[in-house]
Amino acid sequence: MRNFTIDKAKESIDKVVTIDGWLYNMRSSGKILFMIVRDGTGFIQCIIMKNQIGEDRFAELKHLTQESSLSVTGSIREDKRSPWGYEMDVQNVNVHHEIKEEYPIQLKEHGVGFLSQYRHLWIRTPSQRAVLKIRAEVIQGTRDFLNENGFVNFDSPILTGSAPEGTTSLFELDYFDEKAYLSQSGQLYQEAGAMAFGRVYCLGPTFRAEKSKTRRHLTEFWMVEPEMAYCDIKESLQIQEGMVSYLINRILTNCDSELKVLKRDTSKLEKIKAPFPRVTYKEILELLNKNDREKKWGDDITGLDETIISENFEQPVFITHFPSDSKPFYMKTTPTDSSTVLGADLMAPEGYGEIIGGSQREDDLETILSKIEKAGLNPEAYQWYIDIRRFGSVPHCGYGMGIERFTAWMCGTDHIRETIPFPRTIERIYP
RNA sequence: UCCUCGAUAGCUCAAUGGUAGAGCGGUUGGCUGUUAACCAAUAGGUUGGGGGUUCGAGUCCCUCUCGGGGAGCCA
């Protein structure tokens, strides 16, 4: 049982406490040992004097290696020489597990392939601890914001029988001699939930079998998907920018030490203030073509385009009014322009790209039927979804935000694989 | 699936076609305030697999495997 943790050092000055942790690094100087101990909540330097602990014990402890587990008892004091501000004068050390072999991960640069192979140990390092702590804050902050704004947690199933976008990007599995798929979005179920509760959200894993090999893609990632009844696209964008602003403020407030570990330039995050600019797809094409991208109507916005866009705005940007043909069947056609839909993507600055995709949903029965048919989908599999338009249909909106992409933006990491404990990519499912 | 780069000690990397090396980590010792400590000694190699060219291949060629980056793809 742990009675003390390093994050409580400030309240424990001059008290004798026991740290249950692991040895992060050690230096020796003949008659003095400097042990840096971590316990998950923080790091602290422990000072062992030879004349205090005895010559034999000193000689034994000198041979401890990185990541040995131990309990260290001593008194806490403030010390400006320590990067963490506090030190412990050690009275006693109890070693639980002395490592008999070389610890694979050193306190130096490693290649990403090597670190990924040792992800189960990599997560012990300060940088990975900071990223994953921020991820946890993003998730908790998301839940708090939504709960405070009248949303009810309403989880979508992960095993599904139908394929909203065709089967190419789905993981298929055997479900008692029937075909089933891992969910690639909880949205359609959220639409049903919104008609029951008004405002709902789900937050959970999403699976995409695409063979994407980029810094912005995982095959398993987490997404929050809020859905709101009696809501138009204008109000939806206000909620989205409200949520993003809330989360940034919360990370800056609660994760100050983690951002420091990551050397994140927080001035760029402090600048983010809603409302965010709204720019139509057509205007984005014009901007890109001014930068020699030779885009024509209907072209996708790719990774390089996202970089150009983020160079032109310090704030996140909503891109609105996408061409109908490039977007899924459930998005509502713009009433004044049948060539576009009421969908909006939010592009984060600093090259982090799309972090939110959302839309007003098609709420007219006849229109949704024709869109399902046009998309080549089987209406029978979507009967329950069509029912939402048959029984008390209302204007409604929703959006999905990628937890890892948002976390990567907050942390300033260049690849989202570090923002989830055990990333799943096309070439890696171990560990 | 395509393009591109790569694979040498546990890790990070050197080595003009001519005797395989360094730093870190490990081990042993030294040092009373170290900050990825420092100093000294020491162990550690089928140069990813297979084939070829050559008097001679880590180095050149072919092929396979694995990995990085990117494209396509991606509510």
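Protein chains get the first letters and strands the later ones, always in sequence-line order, with residue 1 at the start of each.
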Classify [X] by what it touches in the nucleic acid, base, sugar-phosphate, or nothing, heavy-atom distance under 4.0 Å.
X	value
A/T214	sugar-phosphate
A/E354	nothing
A/Q190	nothing
A/P83	base
A/R361	nothing
A/G111	sugar-phosphate
A/G402	nothing

Q. Starting at the 5' end of RNA chain B and moving along, which residue's nearest nucleotide shows up first, A/I426 or A/S183?
A.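 In this pair, the answer is A/I426.
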
Q. In terms of the nearest nucleotide of RNA chain B, which residue is placed more toward the 5' end: A/M26 or A/R428?
A.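 On the 5' side of the pair lies A/M26.
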
(Q) Suppose the criterion is ring pair (Phe, Tyr, Trp, His ring centres under 6.0 Å): which pairs have a residue in residues 215-234 of chain A, not counting sequence neighbours? (A)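 Residue pairs passing ring pair (Phe, Tyr, Trp, His ring centres under 6.0 Å), neighbours aside: none found.
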
Give every pair of a protein N or O atom and an N or O atom of nucleotides 24-29 of chain B that lie under 3.5 Å apart, one pair per line with the distance.
| unit_1 | atom_1 | unit_2 | atom_2 | d |
| --- | --- | --- | --- | --- |
| B/C24 | O2' | A/Q106 | OE1 | 2.7 |
| B/C24 | O2 | A/Q106 | OE1 | 3.4 |
| B/C24 | O2 | A/Q106 | NE2 | 3.4 |
| B/G25 | O4' | A/Q106 | OE1 | 3.0 |
| B/G25 | O4' | A/Q106 | NE2 | 3.4 |
| B/G25 | N2 | A/E102 | OE2 | 3.3 |
| B/U28 | OP2 | A/H63 | NE2 | 3.4 |
| B/G29 | OP2 | A/H63 | NE2 | 3.4 |

Protein-nucleotide distance ([X], atom [atom1]; [N], atom [atom2]), rounded to Å:
X	N	atom1	atom2	result
A/R81	B/U34	CZ	C1'	10 Å
A/Q45	B/A37	CD	P	10 Å
A/R215	B/G69	CZ	P	8 Å
A/D299	B/C73	CG	P	10 Å
A/R208	B/G72	CZ	C1'	16 Å
A/K31	B/U34	NZ	C1'	16 Å
A/F34	B/U32	CZ	P	11 Å
A/I416	B/G70	CD1	P	11 Å

Q: Give the nucleotide from the list B/G33, B/C11, B/C73 with an atom nearest to the side chain of A/H110.
A: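 Of B/G33, B/C11, B/C73, B/C11 is nearest to the side chain of A/H110.
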
Q.
Can you identify which nucleotide, out of B/U32, B/G30, B/G33, has its nearest atom closest to the A/K62 side chain?
A.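 Closest nucleotide to the A/K62 side chain: B/G30.
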
Distance, [atom1] atom - from [M] to [N], rounded to whole angstrom:
N	M	atom1	result
B/G21	B/C3	C1'	35 Å
B/U59	B/A20	C1'	12 Å
B/A22	B/A40	P	14 Å
B/G67	B/C24	P	31 Å
B/C39	B/U35	P	11 Å
B/C66	B/G30	C1'	44 Å
B/C55	B/G69	C1'	41 Å
B/C5	B/A43	C1'	34 Å

**Q.** Residue-phosphate contact under 4.0 Å: A/R27 side-chain N/O, B/U34 OP1/OP2
**A.**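 For A/R27, the contact criterion (side-chain N or O under 4.0 Å from OP1 or OP2 of B/U34) is not met.
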
Q) Between A/N25 and B/A37, is there a side-chain N or O to OP1/OP2 distance below 4.0 Å? A)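 True: A/N25 side-chain N/O within range (under 4.0 Å) of B/A37 OP1/OP2.
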
So [X] and [Y], would you call those rings parallel, tilted or perpendicular, with 30° and 60° as cut-offs?
X	Y	answer
A/W84	A/F43	parallel
A/Y430	A/H120	perpendicular
A/F154	A/F197	tilted
A/W409	A/F406	perpendicular

Short heteroatom pairs, N/O only, protein and nucleotides 5-9 of chain B, under 3.5 Å:
none

Could you check whether [Y] and [X], counting side-chain N and O atoms only, form a donor-acceptor pair closer than 3.5 Å?
X	Y	value
A/E225	A/Q190	no
A/S68	A/H97	no
A/D337	A/T334	no
A/T333	A/S338	no

(Q) Can you confirm whether or not the ring centre of A/F329 sits under 6.0 Å from the ring centre of A/Y382? (A)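 Judged by ring-centre distance (under 6.0 Å), A/F329 and A/Y382 do meet the cut-off.
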
For [X], what residues pass the ring pair (Phe, Tyr, Trp, His ring centres under 6.0 Å) criterion, not counting sequence neighbours?
X	value
A/F322	A/Y281
A/Y175	none
A/H321	none
A/F151	none

Q) Does any N or O in the side chain of A/T41 come within less than 3.5 Å of the main-chain N or O of A/D7, such that one atom is a donor and the other an acceptor? A)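 Flag set: sc A/T41 to bb A/D7 pair under 3.5 Å.
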
Q | Short side-chain to backbone donor-acceptor contact, A/R77 and A/D89, under 3.5 Å | A |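 Answer holds: no.
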
Q: Produce a footprint string for nucleotides 40-48 of chain B: one letter per nucleotide, 5' end first; B if the base is under 4.0 Å from any protein heavy atom, S if only the sugar-phosphate is, - if neither.
A: ---------

Q | Lys/Arg N to Asp/Glu carboxylate O, A/R216 vs A/E306, below 4.0 Å | A |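 Salt bridge between A/R216 and A/E306, a charged N being under 4.0 Å from a carboxylate O: yes.
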
**Q.** Summary of salt bridge (charged side-chain N to carboxylate O under 4.0 Å, His left out) pairs that have at least one residue in residues 19-46 of chain A, sequence neighbours excluded
**A.**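 Matches after skipping sequence neighbours: A/R38-A/E67.
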
Q) Taking only residues at least two apart or on different chains, which pairs with a member in residues 183-205 of chain A satisfy salt bridge (charged side-chain N to carboxylate O under 4.0 Å, His left out)? A)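 Those involving residues 183-205 of chain A are A/E191-A/R389, A/R199-A/E235.
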
Q: Could you check which residues of residues 113-128 of chain A get a heavy atom under 4.0 Å from RNA chain B? Sort them by number, please.
A: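 Residues of residues 113-128 of chain A under 4.0 Å from RNA chain B: A/F114.
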
Q | Base-pair map of RNA chain B as dot-bracket, where | denotes pairing with a different strand and pairs are Watson-Crick or G-U under 3.5 Å | A | (((((((..((((....[..)))).(((((.......))))).....(((((..]....))))))))))))....

**Q.** Side-chain donor/acceptor of A/S28 to base of B/C31, under 3.5 Å
**A.**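 In this structure, the two groups form a donor-acceptor pair.
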
